[in-house]
Amino acid sequence: PHVIVYMMNTVKVEGKEKWEVSNPDKITFYREPSFPGYLVEVTSTGDLTLENMTIDGNHKVDPVHGSLVFVNGGKLTIGNGGALQNNRLV
């Protein structure tokens, strides 16, 4: 079965982190429709790598809300199998 995880608040990344899912075809992270904020904020000291996972902005359901990720002076790397989709750039 495919698992859907709804993200309901902003996760701050303030150091070096790697987010990876072992079975990326079986799980997707979605923005919870009522949450208007960024799902991830990479601060000035943050360094985030996404691999083998999808973060979905749920833009098809809720076209009003903004970007998935706010890189606030830090670094974001989208590696192998990483994806941001159904996102709105602001």
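Here, residue 1 is the first one in the sequence, and each next residue gets the next number. All values reported here derive from a predicted model rather than from experimental measurement.
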More than 12 heavy atoms from other groups under 6.0 Å of CG on Asn80: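 It does not: Asn80 CG has 12 such atoms or fewer within range.
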
Verify whether one side chain among Gln85 and Asp56 offers a donor that lies under 3.5 Å from an acceptor in the other.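 Short answer, yes.
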
Find out whether [X] and [Y] are in side-chain contact, i.e. whether some heavy atom of one side chain is under 4.5 Å from a heavy atom of the other.
| X | Y | answer |
| --- | --- | --- |
| Met53 | Phe29 | yes |
| Phe35 | Met7 | no |
| Ile78 | Leu84 | yes |

With no hydrogens and no angle check, is any side-chain donor or acceptor of [X] less than 3.5 Å from a backbone partner on [Y]?
| X | Y | result |
| --- | --- | --- |
| Asn72 | Val42 | no |
| Thr43 | Val13 | yes |
| Thr10 | Leu39 | no |

Hydrophobic clustering (ILVMFWY, side-chain heavy atoms < 4.5 Å, transitive) - are [Y] and [X] grouped together?
| X | Y | value |
| --- | --- | --- |
| Leu68 | Val5 | yes |
| Met8 | Tyr30 | no |
| Ile4 | Ile55 | no |

What's the separation between atom CG in Leu48 and atom CD in Glu41, rounded to the nearest 0.5 Å?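 CD of Glu41 is found 12.0 Å from CG of Leu48.
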
Could you grab the distance from atom CD of Glu17 to atom CG of Asp47, nearest 0.5 Å is fine?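 It is 9.5 Å, given to the nearest 0.5 Å.
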
Please identify each residue that fulfils ring-ring contact (aromatic ring centres under 6.0 Å, His included) with Phe70, with sequence neighbours left out.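 For Phe70, the residues satisfying ring-ring contact (aromatic ring centres under 6.0 Å, His included) (neighbours in sequence not counted) are Tyr38.
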
For Thr45 versus Glu14, what's the shortest heavy-atom pair and its separation?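 Looking at all heavy atoms of both residues, the closest pair is OG1-O, 2.6 Å.
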
Evaluate the criterion side-chain hydrogen bond (donor to acceptor under 3.5 Å, both in side chains) for residue pair Asn52 and Glu20; output intermediate values, then yes/no. CA-CA 5 Å; Asn52 296 318; Glu20 184 173 15; 3.0 Å; yes

